[in-house]
Amino acid sequence: MEAPAMEPGEMEAMLRAAAEFASYPGNGPSSPFVNDWFFSPANYSGAHGDDTVRQFLEQYPLPKLLGVRLMYLGWMKLLPHAWTKYFLRDMEHHFCQAMAFIQAGLLANSKNTRQLACKAVIHLLDKAGDSAVVVDTFVQHNLYPLLMNCLTEGDEEISAISLDGIKRLAQIPKGIEIIFPPNGQGSVQLHKVAAQSSSMARIRILSLIAKLFAVSTYTATAIYDSNLLSLFEDEIKDRRDMLKTLSALEVLYELVEHPHSNIFLLKTNLLQLMVDVINDSSADSIVRSRATLISGRLLSSADAFTTIDRNCVANLLLAIDKLLKMEESLNTDETESALEALGLIGTTSAGACLLLTDSSNAARHVVEASFGRQGRGKQLAALHAFGSISGVDRQEDQIKLDNQAEERLKRFVYTTARNSPKLTPSALLLSVLQQDPDIRITGYRVISGLVAREWCLMEICSKLDIINLVTDPKMEMTKLGMEARHDCCLAISKALSSSHLLHEPSLSELIGKLNEAVKRGPYLSERKRVEPQPVVVPAERF
């Protein structure tokens, strides 16, 4: 870490202040050395090098200075200079001394000092190679409880830095044993700390749990075994304080992003709790929206349906179905969150089958909203979800579903088309591709998934305008749009290659366009490159 440049006289002022405080009765050595140093002709010139400062700090150790109530602003302003220039640089070579220094810094009253001490923890953990020494010295100097105190009682900045320090400790082998001792009898029990803390501190503890959960499966297991996930339940159950509930949901939303979260979270009552929040008409719409998205993420993995109670999933789908039926009085964000959640559930084959065959018919809302044009945001969310349910995000051999689910999917599409002015699925799909670029990109997703079905392939091949649009190299101007359009061409071409339609003479022009578009790739256009041409100009013009 590079130290900030020091103004002329700042080092001398720092040393004067430090020496004065260190010479207070009971706080440190008396001042003969200081007097000798300051009034020595060799030192009073104001030009003090590293050796001089090191000599002073050996006589007046910074851990001792930090224990003093430092009232002079000049010293507090200059402390970071001493820390960064003369301590952090070599602290990993004096590990035990560094720990004592950090301990004093974490106990200091100054915000700046505690902040620097938290940063020093991270710096030291990054440099320390012997994890056994780290564990022993952390315990010996009682640093973990001090970091936890900074997390729960410090301001926002100190809390964030101390959280990073605890997370870094958990990433070191055996470091997690400080946070979760094998005997379960550590000096800091997160359950007890949370019970005795303010609501803001409890949210910070939830944030720490989420960060530790992401470190490894081992830490996630330790969190689950310690029953710390119940802290989320406790905060969300009490919905009298909307901001507190929303904060807990935001942290839980972050936690469920991690790949191994479902394994543990679905063993708790959190999914049923999310259903209760969605059904709570007195809850704020943003709270219900976040609970809906969390539910979708919880059920977005293939193994989710092997561990969860199907009745709980059925209750969730009924809650989302009820929510979407209330769209006259529904908040737009709430509608979009509900549709996005259905898309998340439909990402896997098991989830898509459940959506299409469940008695709630929740997937019907997705299909109808995809072509309803009842709000751009709602249509975008629905089309993206429809693409996921259709299988665009699944492996090729998992795109198609079981017979009952496939029949329901086909029926939903044809019923929606019949009840619209477009009358046919091909006309519906074409109308999507004729809208703005964002809608069009989600339309490519839907076609890429649906076209694996023979009935959809026939619909697309019956509409040459669809082929003209998806093969037009000038249609999209963004990288995302070009890639989505090309993926759509690939999906149609692949579906044709295994279909009897491949040998239909009437489709030869269509097939030729698709082959050319696939071969051209996503980024090349048909525009010819114009080479520079020499121009002959008669001399008379000049």
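It should be emphasised that the depicted structure is a prediction, and the values quoted were computed from it without experimental measurement.
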* **Test item: S420 and T416 side chains (from C-beta on) under 4.5 Å apart, heavy atoms** => no
* Asked: Is a side-chain N or O of R445 found less than 3.5 angstrom from the main chain of G387, in a donor-acceptor match?
  -> no
* **Residue of the set R411, K400, R453 for which side chain to side chain donor-acceptor pair (under 3.5 Å) holds with E406** => R453
* Asked: Quick one: ring pair (Phe, Tyr, Trp, His ring centres under 6.0 Å) partners of F371, sequence neighbours excluded?
  -> none
* Asked: How many angstroms lie between atom CZ of R204 and atom OG of S197, to the nearest 0.5 angstrom?
  -> 10.0 Å
* Check whether any side-chain heavy atom of I223 lies under 4.5 Å from a side-chain heavy atom of L229, and answer yes or no. => yes
* To do: Tell me, with the steps shown, if K237 and D276 meet salt bridge (charged side-chain N to carboxylate O under 4.0 Å, His left out).
  => CA-CA 9 Å; K237 279 179 183 176; D276 295 341; over 6 Å; no
* Side chain of E334, backbone of S289: donor and acceptor closer than 3.5 Å? -> no
* side-chain contact (heavy atoms from CB on, under 4.5 Å), paired with L316, selected from L298, L271, T292 -> L271
* Structure fact -> Closest non-hydrogen atoms of L212 and A170, given as atom of the first, atom of the second and distance, are CD2-CB, 3.6 Å
* Asked: Looking at side-chain heavy atoms only, is the closest gap between R364 and R408 below 4.5 Å?
  -> no
* Carefully, step by step, assess T415 and E368 under the rule side chain to side chain contact (heavy atoms under 4.5 Å, CB included). => CA-CA 9 Å; T415 301; E368 290 176 352; over 6 Å; no
* Structure fact -> Rounded to the nearest 0.5 Å, the CE atom of M200 sits from the OG1 atom of T152 at a distance of 8.5 Å
* To do: Flag yes if more than 12 heavy atoms outside I286 fall under 6.0 Å of its CD1 atom; otherwise flag no.
  => no
* **side chain to side chain donor-acceptor pair (under 3.5 Å), paired with Y444, selected from E483, E476, H486, R485** => E476
* **Electrostatic pair D436-R376, nearest N-O below 4.0 angstrom** => yes
* Quick one: are N361 and L356 in side-chain contact, heavy atoms under 4.5 Å? -> no
* To do: Would you kindly check if the NZ (Lys) or CZ (Arg) of R290 is within the cone defined by 45 degrees around the ring axis of Y253 and under 6.0 Å from the six-membered ring centre?
  => yes
* Derivation of the side-chain hydrogen bond (donor to acceptor under 3.5 Å, both in side chains) call for S301 and N262 -> CA-CA 7 Å; S301 66; N262 298 13; 2.8 Å; yes
* To do: Take L342 and F386, measure what side chain to side chain contact (heavy atoms under 4.5 Å, CB included) needs, and give me the verdict at the end.
  => CA-CA 9 Å; L342 293 176; F386 193 14; over 6 Å; no
* To do: Any chance you could measure L514, atom CG, to C489, atom SG, to the nearest 0.5 Å?
  => 6.0 Å
* Asked: Between the side chain of Q379 and the main-chain N/O of S370, is any donor-acceptor distance below 3.5 Å?
  -> yes
* Nearest atoms (heavy-atom pairs only) where V366 meets A382 -> CG1-O, 3.4 Å
* Heavy-atom side-chain proximity of Y224 to L265 below 4.5 angstrom -> no
* Under 3.5 Å: donor-acceptor pair, side chain of T442, backbone of L383 -> no
* Under 3.5 Å, side chain of D472 to main-chain N/O of N468, donor-acceptor pair present? -> no
* Would you check if the side chain of S493 reaches a backbone N or O of L490 as a donor-acceptor pair within less than 3.5 Å? => no
* **Stepwise side-chain hydrogen bond (donor to acceptor under 3.5 Å, both in side chains) test for D393 and S388** => CA-CA 6 Å; D393 300 316; S388 297; 3.2 Å; yes
* Asked: Quick one: ring pair (Phe, Tyr, Trp, His ring centres under 6.0 Å) partners of Y414, sequence neighbours excluded?
  -> W455
* Do side-chain atoms of S390 reach the backbone of V392 as a donor and acceptor pair under 3.5 angstrom? -> no
* To do: Determine whether L409 and L450 make a side-chain contact, defined as any pair of heavy atoms from C-beta on separated by less than 4.5 Å.
  => yes
* Asked: What's the spacing between L151 CG and S162 OG if we round to 0.5 Å?
  -> 4.5 Å
* Approximate separation, where rounding is to 0.5 Å, of L249 CG and L255 CG -> 12.0 Å
* Asked: Given L428 and L423, is the side chain to side chain contact (heavy atoms under 4.5 Å, CB included) satisfied, shown in steps?
  -> CA-CA 8 Å; L428 281 180; L423 299 179; over 6 Å; no
* CG (N403) with more than 12 external heavy atoms under 6.0 Å -> no
* Within the distance-only criterion (no hydrogens, no angle test), does the side chain of R394 pair as donor or acceptor with the backbone N or O of I389 below 3.5 angstrom? -> yes
* Structure fact -> All heavy atoms of V251 vs all of A210, minimum pair found to be CG1-CB, 3.8 Å
* Is there side-chain contact between V451 and K494, with heavy atoms separated by less than 4.5 Å? -> no
* Asked: In terms of ring plane angle, is the pair F264 and H260 parallel, tilted or perpendicular, where the classes change at 30° and 60°?
  -> perpendicular
* Charged N to carboxylate O under 4.0 angstrom, D321 versus K325? -> yes
* Hey, what do you get for CG (L339) to CG (L324), rounding to the nearest 0.5 Å? -> 5.5 Å
* What closest approach, in Å, do L344 and G296 show between heavy atoms, and which atom pair accounts for it? -> CB-O, 3.6 Å
* Minimal non-hydrogen separation, R520 against T471, with atom names -> NH2-O, 3.0 Å
* Asked: Where the side chain of S159 meets the backbone of E156, is there a donor-acceptor pair that is under 3.5 Å apart?
  -> no
* Exam field: side chain S261 to backbone E257, donor-acceptor pair closer than 3.5 Å -> no
* Count the heavy atoms of every other residue, nucleotide or ligand shown that sit under 6.0 Å from NZ of K211, and state whether that count exceeds 12. => no
* Asked: Are any non-hydrogen side-chain atoms of D465 and Q434 less than 4.5 angstrom apart?
  -> no
* To do: Step by step, work out the side chain to side chain contact (heavy atoms under 4.5 Å, CB included) result for L206 and I203.
  => CA-CA 5 Å; L206 294 184; I203 296 300; 4.1 Å; yes
* Shortest non-hydrogen contact between N315 and Q272, atoms and distance -> ND2-OE1, 3.9 Å
